[in-house]
There are 2 protein chains.
Amino acid sequence: MESLTIGKVARLAEVGVETIRFYERKGLIDEPPRRESGYRQYPEDTVHRLRSIRRAKELGFTLKEIKELLALRIEPATTCEDIRGRAEAKISDIEQKIRTLKSMKEALMKLTLACRGRGPVSECPVLEAMESDER
Amino acid sequence: MESLTIGKVARLAEVGVETIRFYERKGLIDEPPRRESGYRQYPEDTVHRLRSIRRAKELGFTLKEIKELLALRIEPATTCEDIRGRAEAKISDIEQKIRTLKSMKEALMKLTLACRGRGPVSECPVLEAMESDER
DNA sequence: ATAAAGCCTGTACTATACTACAGAGTCAAG
DNA sequence: CTTGACTCTGTAGTATAGTACAGGCTTTAT
């Protein structure tokens, strides 16, 4: 078990040192043990957690939501019912996101085809796609 | 062709009046014509545009990106090549998002199954999924 | 005709998610 | 054993995306 300084973790996870301390304050990562000097000592898997957070962020989840997602693993098994409920809610959330992304993708593909064929692109299929996804 | 006041548009699009003016300043929606009194007069399709913007935002696109997406329709046909390039870039972007969302969804489904079966949920499949999606 | 509701500009404030110091102590390579 | 890179806490500043007035004119319903 190697242990890493904050700077090393930052470099490996491709985030800023300040970001790590910020996430710690926000409860997204655990407070790591310290040496006598006060320096934080991180286990290697913190790097993965940070990368996970970054990825989830790119998907449009807020830090608050990400915290919830990550919390699903550490909750005691006694609240299993609740965990399942929350996981299922996240699943429909994700499914909705996928559906909307798919229709946007199709719209964009139509657009590129129209471009390829040199046809007129007066109407906006992107807009259409996003509009047709109303619930 | 009905024309709508800002308040009506806001109600129909389910956004705030201030948000519409904000989007106008940011160039996400066109400056509408005004009456003599200075009141904005919107065409009906502004409502759809606003809903589109809201949906794109939920997918993790920033206003800047949304502006780009919307701009794809109004660019003159002369830059067709460029439009196609940008559309294709957005498509791979979207595909990546979909892939990551799918693996998150699968992870969450595993989690709910584990819960259903009352099995131990010590490891975090959500985290795993997000981690295994590294490029 | 008058009052409530709506709209105008402009500025200021909020939440989220960082990012950047300041000032002081710590570590490690030559 | 020093010096430069690193870390600490704490506070302040930035970008994004709104949100909330203030003070004043306009519409509309009664």
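In what follows, chains are A, B, ... by sequence order, proteins preceding strands, each numbered from 1.
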**Student:** Look at the side chain of Ser52(B) and the backbone N and O of His48(B), then say whether any donor-acceptor pair between them is shorter than 3.5 Å.
**Tutor:**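 Between the backbone of His48(B) and the side chain of Ser52(B) there is a qualifying donor-acceptor contact (under 3.5 Å).
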**Student:** Can you tell me the distance, in whole Å, between the CD atom of Glu65(A) and the P atom of dA15(C)?
**Tutor:**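 Checked: the CD to P distance equals 18 Å.
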**Student:** Taking the nucleotide of DNA chain C with the nearest heavy atom to each, does Tyr23(A) or Ile6(B) sit closer to the 5' end?
**Tutor:**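 Its nearest nucleotide lies further toward 5', so the answer is Ile6(B).
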**Student:** For Glu24(B) and dG10(C), give me the distance from atom CD to atom C1', rounded to whole Å.
**Tutor:**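 Glu24(B) atom CD is separated from dG10(C) atom C1' by 14 Å.
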**Student:** Counting side-chain heavy atoms from C-beta on, which of dT26(C), dC8(D), dA17(D) comes nearest to Arg40(A)?
**Tutor:**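 Out of dT26(C), dC8(D), dA17(D), the nucleotide with an atom closest to Arg40(A)'s side chain is dC8(D).
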**Student:** If you compare every side-chain N and O of Thr5(A) against the phosphate oxygens of dT7(D) (OP1, OP2), does one of them come in below 4.0 Å?
**Tutor:**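 Yes, within the criterion.
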**Student:** How about Thr100(B) and Gln96(B): does a side-chain donor come under 3.5 Å of a side-chain acceptor?
**Tutor:**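 On atom types as modelled, these side chains qualify, holding a pair under 3.5 Å.
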**Student:** Are Val17(B) and Tyr42(B) connected, step by step, through hydrophobic side chains (Ile, Leu, Val, Met, Phe, Trp, Tyr) whose heavy atoms are closer than 4.5 Å?
**Tutor:**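 In one cluster: yes.
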**Student:** Does a side-chain N or O of Arg34(B) approach OP1 or OP2 of dT9(C) to a distance below 4.0 Å, or not?
**Tutor:**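 Yes, because at least one side-chain N or O of Arg34(B) sits under 4.0 Å from OP1 or OP2 of dT9(C).
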**Student:** On DNA chain C, nearest-nucleotide positions of Lys26(A) versus Glu36(A): which is more 5'?
**Tutor:**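 Result: Lys26(A).
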**Student:** Using atom CZ of Arg25(A) as one end and atom P of dG10(D) as the other, report the distance to the nearest whole Å.
**Tutor:**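 Atom CZ in Arg25(A) sits about 10 Å away from atom P in dG10(D).
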**Student:** Apply the side chain to side chain contact (heavy atoms under 4.5 Å, CB included) test between Arg40(A) and each candidate in Arg21(A), Glu31(A), Arg35(A); give the one that qualifies.
**Tutor:**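 Output: one option passes, namely Arg21(A).
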**Student:** Between Arg35(A) and dC27(C), does any side-chain N or O lie under 4.0 Å from OP1 or OP2?
**Tutor:**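 Result: yes.
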**Student:** Return the value, rounded to whole Å, for the distance between atom NZ of Lys64(A) and atom P of dT16(C).
**Tutor:**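 One finds 7 Å between P of dT16(C) and NZ of Lys64(A), rounded.
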**Student:** What is the distance from NZ of Lys57(A) to C1' of dT16(D), rounded to the nearest Å?
**Tutor:**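 Rounded to whole Å, this separation is 12 Å.
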**Student:** Mind calculating the distance between CD (Glu18(A)) and C1' (dA15(D)) to the nearest angstrom?
**Tutor:**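 Value for this atom pair: 17 Å.
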**Student:** dG25(C) phosphate, OP1 or OP2: any side-chain N/O from Ser37(A) under 4.0 angstrom?
**Tutor:**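 For dG25(C), OP1/OP2 do not have a side-chain N/O of Ser37(A) under 4.0 Å.
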**Student:** Do Met109(A) and Leu70(B) belong together in a cluster built from hydrophobic side chains that touch within less than 4.5 Å?
**Tutor:**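 Looking at the clustering, Leu70(B) is in the same group as Met109(A).
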**Student:** It should be established whether Thr19(B) places a side-chain nitrogen or oxygen under 4.0 Å from OP1 or OP2 of nucleotide dT19(D).
**Tutor:**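 Affirmative; the distance criterion is met.
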**Student:** In whole Å, what is the span from the OH atom of Tyr39(A) to the C1' atom of dT26(C)?
**Tutor:**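 The answer, rounded to whole Å, is 4 Å.
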**Student:** Could you tell me whether Gly16(B) contacts a base, only the sugar-phosphate backbone, or nothing, with contacts defined as non-hydrogen atoms closer than 4.0 Å?
**Tutor:**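 Here Gly16(B) touches no strand at all.
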**Student:** Need one value for Arg21(B): base, sugar-phosphate or nothing, where a base atom within 4.0 Å counts as base even if backbone is also close, heavy atoms only.
**Tutor:**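 Base: the residue Arg21(B), judged by heavy atoms under 4.0 Å, touches a nucleobase.
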**Student:** To the nearest Å, give me how far apart NZ (Lys67(B)) and P (dA17(D)) are.
**Tutor:**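 Atom NZ in Lys67(B) sits about 11 Å away from atom P in dA17(D).
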**Student:** Are OP1 or OP2 of dA5(D) and a side-chain N or O of Arg11(A) less than 4.0 angstrom apart?
**Tutor:**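 So the side chain of Arg11(A) is outside the cut-off, no N or O lying under 4.0 Å from OP1 or OP2 of dA5(D).
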**Student:** Are OP1 or OP2 of dC18(C) and a side-chain N or O of Arg54(A) less than 4.0 angstrom apart?
**Tutor:**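 No, Arg54(A) has no side-chain N/O under 4.0 Å of OP1/OP2 on dC18(C).
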